[in-house]
Q: 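Sending over a structure as structure tokens; questions will come in a sec.
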Amino acid sequence: MNNLNLLQKALVWALPVLFAVTVHEVAHGWVASKCGDNTAKRLGRLTLNPVSHIDLMGTLVIPLLCLTFGNFIFGWAKPVPVNPYNLKNFKRDSALVAAAGPVSNLLMALIWGGIAKLGFILLPAWGPNAQFLVYTGGAGVAINCMLMVLNLLPIPPLDGSRVLSSVLPNKWVRPYEAIEPYGFFILLLLMFSGALSVVLGPLLGVSQALIYSIFALR
């Protein structure tokens with residue numbers, strides 16, 4: 001994909017990024033609705049229309065900057081509102097709602113892997129059009145694996161921290177969740193120190209390799 005210009009990269013990555021962040025948030029809201037909280041549904045956020053979920057910085061600016069200056073892409077959408085006090089079982093359902101995001105990214109990575117495989121199959125007949133499917137499918141695998149492994153980190157407010165909170169003893173939950181206002185700065189520190197790459201690199205590599213092996217893409 002390094003042979004593509006910026007416009008071509010933007011076209012390749014546009015749908016994978018939009019669907020990755022949109023479905024991730026809708027998954028949270030959908031599971032919350034099944035567990036008793038209809039906040040997202042009431043506010044019209046249980047829709048796959050990306051317009052309802054776009055965050056100017058996270059969905060547009062940051063991914064474009066990543067494409068322009070970096071070798072990876074990252075992004076996010078507006079968080080779907082969830083009121084945990086409406087859930088039928090506070091701890092269990094909070095964990096299910098949180099896990100729904102990364103699980104949705106895993107499922108989407110598999111779907112995009114299938115699209116990339118279809119592109120390879122059609123390559124002799126379709127040429128450049130099939131190549132677009134290959135590139136887009138590969139982008140879909142990459143962004144969804146990235147969001148999955150990143151959100152599994154137990155740093156508040158990432159999804160992994162919500163799952164961990166649900167199994168921690170009650171006396172530890174409040175001090176742990178008190179970290180949340182500093183979570184973004186912790187991530188920045190880990191990113192610029194290189195520690196985030198050390199942690200995520202192997203997990204990202206394994207998850208992508210698994211998808212590629214399932215569809216025999218390598």
Side-chain angles (χ1 to χ4, degrees), residues 19-48 52-53 55 58-59 74-111 141 143-191 193 195-208 210-211:
F19 275 107
V21 298
T22 295
V23 175
H24 180 104
E25 292 302 329
V26 171
H28 287 313
W30 183 79
V31 172
S33 72
K34 296 301 180 182
C35 294
D37 177 42
N38 289 318
T39 304
K41 184 177 182 180
R42 189 173 64 253
L43 295 175
R45 295 294 304 279
L46 293 189
T47 173
L48 292 178
S52 298
H53 306 280
D55 177 274
T59 315
F74 172 67
W76 62 86
K78 290 188 296 186
V80 163
V82 174
N83 185 345
Y85 296 103
N86 289 335
L87 301 174
K88 299 171 185 175
N89 184 311
F90 183 87
K91 281 206 165 189
R92 181 201 66 192
D93 295 346
S94 292
L96 291 175
V97 170
V103 169
S104 73
N105 289 126
L106 174 59
L107 295 177
M108 282 189 288
L110 289 166
I111 292 172
V141 172
I143 184 61
N144 280 287
C145 286
M146 168 65 78
L147 289 178
M148 178 182 67
V149 299
L150 177 65
N151 275 284
L152 287 175
L153 291 177
I155 301 173
L158 297 179
D159 297 330
S161 71
R162 308 297 190 201
V163 176
L164 181 56
S165 288
S166 70
V167 298
L168 284 176
N170 289 334
K171 64 180 180 180
W172 293 355
V173 171
R174 189 179 296 274
Y176 176 56
E177 292 181 343
I179 302 172
E180 183 166 337
Y182 313 103
F184 179 73
F185 300 103
I186 293 173
L187 281 173
L188 286 179
L189 178 61
L190 292 175
M191 183 184 301
S193 68
L196 193 62
S197 296
V198 172
V199 174
L200 293 187
L203 295 174
L204 187 58
V206 168
S207 60
Q208 287 184 328
L210 178 61
I211 302 295

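None of the values given here were measured: they were computed from a predicted structure. Side-chain atoms are counted along with the backbone in the values below, which use heavy atoms only and exclude waters and symmetry mates.
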Q: Does OH belonging to Tyr182 count more than 12 external heavy atoms closer than 6.0 Å?
A: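 No, the 6.0 Å shell around OH holds no more than 12 heavy atoms from other groups.
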
Q: Looking at every heavy atom in both Gly29 and Leu46, which two are closest together, and how far apart are they?
A: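 For Gly29 versus Leu46, the nearest heavy atoms are C-CD2, 3.3 Å.
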
Q: Check whether any side-chain heavy atom of Leu187 lies under 4.5 Å from a side-chain heavy atom of Ile155, and answer yes or no.
A: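 The answer is yes, as the side chains (C-beta and beyond) meet within the 4.5 Å cut-off.
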
Q: Short question: side chain of Arg45, backbone of Glu25 - any donor-acceptor pair under 3.5 Å?
A: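 A pair under 3.5 Å: no.
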
Q: Side chains of Leu168 and Glu177: closer than 4.5 Å at any heavy-atom pair?
A: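 Side chain of Leu168 against side chain of Glu177, heavy atoms only: no contact under 4.5 Å found.
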
Q: Between Asp159 and His28, is the side chain to side chain contact (heavy atoms under 4.5 Å, CB included) condition met? List the steps.
A: CA-CA 10 Å; Asp159 297 330; His28 287 313; 3.3 Å; yes

Q: Report, as yes or no, whether the 6.0 Å neighbourhood of atom CH2 on Trp76 holds more than 12 heavy atoms from other residues, nucleotides or ligands.
A: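 Result for CH2/Trp76: enclosed.
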
Q: Rounded to the nearest 0.5 Å, what separation is found between the CD1 atom of Ile111 and the CG atom of Leu106?
A: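 With rounding to 0.5 Å, CD1 (Ile111) is 10.0 Å from CG (Leu106).
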
Q: Any non-hydrogen side-chain atom of Val23 less than 4.5 Å from a side-chain atom of Leu48?
A: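 Yes, close enough: below the 4.5 Å cut-off.
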
Q: Can you find a heavy atom in the side chain of Ser33 that is under 4.5 Å from one in the side chain of Asn38?
A: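 Yes, close enough: below the 4.5 Å cut-off.
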
Q: For Ile179 and Pro156, which heavy atoms make the closest approach, and how far apart are they?
A: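 Closest approach of Ile179 to Pro156, heavy atoms only: CB-CG, 4.2 Å.
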
Q: Taking all atoms of both residues into account, what is the closest heavy-atom pair of Pro102 and Ala99, and its distance?
A: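 That would be CD-O, 3.3 Å.
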
Q: Which atoms form the tightest heavy-atom contact between Pro81 and Leu43, and what is the distance?
A: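 In terms of heavy atoms, the two residues are closest at CG-CD1, 3.5 Å.
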
Q: Does any non-hydrogen side-chain atom of Pro157 lie less than 4.5 Å from one of Glu180?
A: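 Contact flag for Glu180/Pro157 side chains = yes.
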
Q: Which atoms form the tightest heavy-atom contact between Ala77 and Asp55, and what is the distance?
A: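 Looking at all heavy atoms of both residues, the closest pair is C-CB, 4.1 Å.
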
Q: Do you know which two heavy atoms are closest between Thr47 and His53, and how far apart they sit?
A: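 The pair with the smallest heavy-atom distance is O-NE2, 2.6 Å.
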
Q: Keeping the roles fixed (side chain from Asp37, backbone from Asn83), state whether a donor-acceptor pair exists under 3.5 Å.
A: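 Yes, the answer is positive, given that a donor and an acceptor are paired below the 3.5 Å cut-off.
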
Q: Please round to the nearest 0.5 Å and tell me the distance separating atom OH of Tyr176 and atom OG of Ser165.
A: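 The OG atom of Ser165 is 5.5 Å from OH of Tyr176, to the nearest 0.5 Å.
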
Q: Within this structure, what is the CG-CD1 distance for the pair Leu196 and Ile186, rounded to the nearest 0.5 Å?
A: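 Output value for this atom pair is 12.0 Å.
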
Q: Does a side-chain heavy-atom distance below 4.5 Å link Leu152 with Leu203?
A: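 The answer is no; the side chains never approach within 4.5 Å.
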
Q: Which residue pairs pass the salt bridge (Lys or Arg N to Asp or Glu O under 4.0 Å) test when at least one of the two sits in residues 195-207, sequence neighbours left out?
A: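 Those involving residues 195-207 do not exist here.
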
Q: Measure the CD1-CG distance between Ile143 and Leu150 for me, rounded to the nearest 0.5 Å.
A: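 If we round to the nearest 0.5 Å, Ile143:CD1 and Leu150:CG are 9.5 Å apart.
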
Q: Can you find a heavy atom in the side chain of His24 that is under 4.5 Å from one in the side chain of Asn151?
A: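 His24 reaches Asn151 side chain to side chain.
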
Q: Roughly how far, to the nearest 0.5 Å, is the OG1 atom of Thr22 from the CE atom of Met108?
A: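 Reported value, rounded in 0.5 Å steps: 8.5 Å.
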
Q: Is the NZ atom of Lys91 crowded by more than 12 outside heavy atoms at less than 6.0 Å?
A: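 For Lys91, atom NZ is crowded (more than 12 foreign heavy atoms under 6.0 Å).
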
Q: Less than 4.5 Å apart, side chain to side chain, heavy atoms only: is that true for Leu200 and Leu153?
A: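 When only atoms from C-beta onward are counted, Leu153 and Leu200 do touch, with a gap below 4.5 Å.
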
Q: Would you compute the distance between atom NZ of Lys88 and atom NZ of Lys34 and round it to the nearest 0.5 angstrom?
A: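 It is 9.0 Å, given to the nearest 0.5 Å.
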
